[in-house]
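The next block holds one structure in the form of structure tokens; read it before the comments.
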Amino acid sequence: QVQLVESGGGSVQAGGSLRLSCAASRRTGGLYTKGWFRQAPGKEREFVAVISWNGGNTYYTDSVKGRFTITRDNAKNTVDLQMNSLKPEDTAVYLCAQASLAGITTNIRDFGSWGQGTQVTVSS
């Protein structure tokens with residue numbers, strides 16, 4: 001099972017930006033869809049963004065469309081999430097995940113490998 005490690009979280013004021021990065025331990029991670037999810041205190045884990053194995057397709061949850069951008073570099077085994085115009089409601093632990101398929105999916109059950117998460121806190 002591939003290991004995923006997130007970095008780049010932190011605290012910002014509303015309107016600010018952060019860039020999250022996720023590194024995979026094995027090159028085989030480049031063949032599968034990867035995504036970002038988030039979990040706020042007392043809430044269920046929710047889908048944020050997903051990118052297909054070759055970066056050709058992306059999909060975002062409605063609340064982050066136009067503000068977040070997911071990209072990947074298969075040569076470096078990384079997937080990033082650029083977050084702009086951050087809002088207090090974006091505050092959560094953000095987790096990187098790898099699916100067991102190559103096509104787009106937002107179903108959390110399709111993601112079998114998870115990172116530990118990185119905290120993002122947005123103050124008003």
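- K65 has a carboxylate O that lies under 4.0 Å from a charged side-chain N of D62, or vice versa, which qualifies the two as a salt bridge.
- Across all non-hydrogen atoms, the minimal contact from I104 to Y59 is CG2-CB, 4.4 Å.
- Under the 4.5 Å side-chain heavy-atom criterion for ILVMFWY residues, a single connected hydrophobic cluster contains both F47 and V93.
- A pairwise comparison of heavy atoms in Y32 and S100 identifies CD2-C, 3.7 Å as the closest pair.
- The minimum heavy-atom distance between P88 and S123, with the atom names listed, is CG-C, 4.4 Å.
- Nearest approach of L4 to C96, heavy atoms of both residues: CD1-O, 3.7 Å.
- Side-chain polar atoms of D73 and T78 form no donor-acceptor pair below 3.5 angstrom.
- Under the side chain to side chain donor-acceptor pair (under 3.5 Å) criterion, no residue pair touches residues 2-15, with sequence neighbours excluded.
- Counting all heavy atoms, side chain and backbone alike, F111 lies closest to A97 at CD2-CB, 3.6 Å.
- Grouped by direct or indirect side-chain proximity (heavy atoms under 4.5 Å, Ile/Leu/Val/Met/Phe/Trp/Tyr only), V48 sits with V12, L18, L20, W36, I51, Y60, V64, F68, I70, V79, L81, M83, L86, Y94, V120, V122.
- The distance from the CG atom of N77 to the CZ atom of R72 is 8.5 Å, given to the nearest 0.5 Å.
- The heavy-atom pair separating E46 from R38 by the smallest distance is OE2-NE, 2.6 Å.
- Counting only heavy atoms from C-beta outward, the side chains of L95 and R45 approach each other to under 4.5 Å.
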Self-check item: Full working for side-chain contact (heavy atoms from CB on, under 4.5 Å) between T69 and T71
Solution: CA-CA 7 Å; T69 302; T71 57; 4.1 Å; yes
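- Rounding to the nearest 0.5 Å gives a distance of 9.5 Å between NZ of K76 and OG of S21.
- With rounding to the nearest 0.5 Å, the separation of NZ in K87 from OG in S63 is 7.5 Å.
- Of the inter-residue distances, the one linking D90 atom CG with T121 atom OG1 reads 11.0 Å to the nearest 0.5 angstrom.
- The structure places CG of N57 at 8.5 Å from OG1 of T33, a figure rounded to the nearest 0.5 Å.
- With respect to the salt-bridge test (charged N to carboxylate O, under 4.0 angstrom), the residues R19 and D80 qualify.
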